[in-house]
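Below, all heavy atoms of this structure are taken into account, side chains as well, without hydrogens, waters or symmetry copies.
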Amino acid sequence: SSAKNLLRPRSGDTTEEQVKRLQEGLIQMCDANIAVRHQLGAITAIVVSGQIFNERTNAQLERILRKL
């Protein structure tokens, strides 16, 4: 939302001020995209870990049941 506020047009701004605000807003948007990519990577790691753990547990349970 801070990037959105920076990108809003303001009356009385010079062209240089507008360009500077646009630049700052774009940098904030890029930082937000990077943060989202990190979050997606972390979520993917959690899901893969859970799936691997689940498969390992299932294999162990099957071995136990075969012994009975």
Side-chain angles (χ1 to χ4, degrees):
S1 66
S2 62
K4 192 175 178 180
N5 287 332
L6 280 172
L7 295 172
R8 277 205 177 97
R10 296 181 187 152
S11 60
D13 275 356
T14 65
T15 304
E16 289 180 20
E17 290 171 333
Q18 289 175 357
V19 170
K20 186 176 179 181
R21 279 199 352 267
L22 282 170
Q23 184 180 24
E24 290 172 6
L26 289 172
I27 289 170
Q28 287 185 8
M29 289 172 61
C30 289
D31 290 341
N33 282 333
I34 291 168
V36 167
R37 285 180 55 205
H38 286 286
Q39 287 177 340
L40 288 173
I43 290 170
T44 302
I46 291 168
V47 169
V48 169
S49 298
Q51 191 64 27
I52 290 171
F53 181 74
N54 187 37
E55 288 176 11
R56 181 175 163 211
T57 304
N58 285 342
Q60 289 172 342
L61 288 174
E62 287 175 7
R63 274 188 245 132
I64 292 169
L65 289 174
R66 281 187 221 144
K67 290 178 183 179
L68 296 178

Can you give each donor-acceptor pair under 3.5 Å made by side-chain atoms of residues 33-43, sequence neighbours left out, with the distance rounded to 0.1 Å?
none

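When all heavy atoms of Ser2 and Gln28 are compared, the pair lying nearest together is OG-OE1, 2.6 Å. Of all heavy-atom pairs spanning Gly25 and Ala3, the tightest one is O-CB, 3.7 Å.
Under the side chain to side chain contact (heavy atoms under 4.5 Å, CB included) criterion, Ser1 pairs with no residue at all, not counting sequence neighbours. Applying the side chain to side chain contact (heavy atoms under 4.5 Å, CB included) criterion to Gln23, with sequence neighbours excluded, gives Ile27. In this view, Ser49 satisfies the side chain to side chain contact (heavy atoms under 4.5 Å, CB included) rule with no residue, not counting sequence neighbours. Asp31 pairs by the side-chain hydrogen bond (donor to acceptor under 3.5 Å, both in side chains) definition with nothing, not counting sequence neighbours.
Through chains of ILVMFWY side-chain contacts below 4.5 Å, Leu7 is grouped with Leu22, Leu26, Met29.
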Evaluation steps, side chain to side chain contact (heavy atoms under 4.5 Å, CB included), between Arg8 and Asn5: CA-CA 5 Å; Arg8 277 205 177 97; Asn5 287 332; 2.7 Å; yes
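A 6.0 Å sphere centred on CD of Glu16 holds no more than 12 heavy atoms belonging to other residues, nucleotides or ligands.
Considering CG of Asn58 and CG of Asn54, their distance stands at 4.5 Å, rounded to 0.5 Å.
Screening residues 51-62 for salt bridge (Lys or Arg N to Asp or Glu O under 4.0 Å) gives Glu62-Arg66 as the qualifying pairs, with residues at least two apart or on separate chains.
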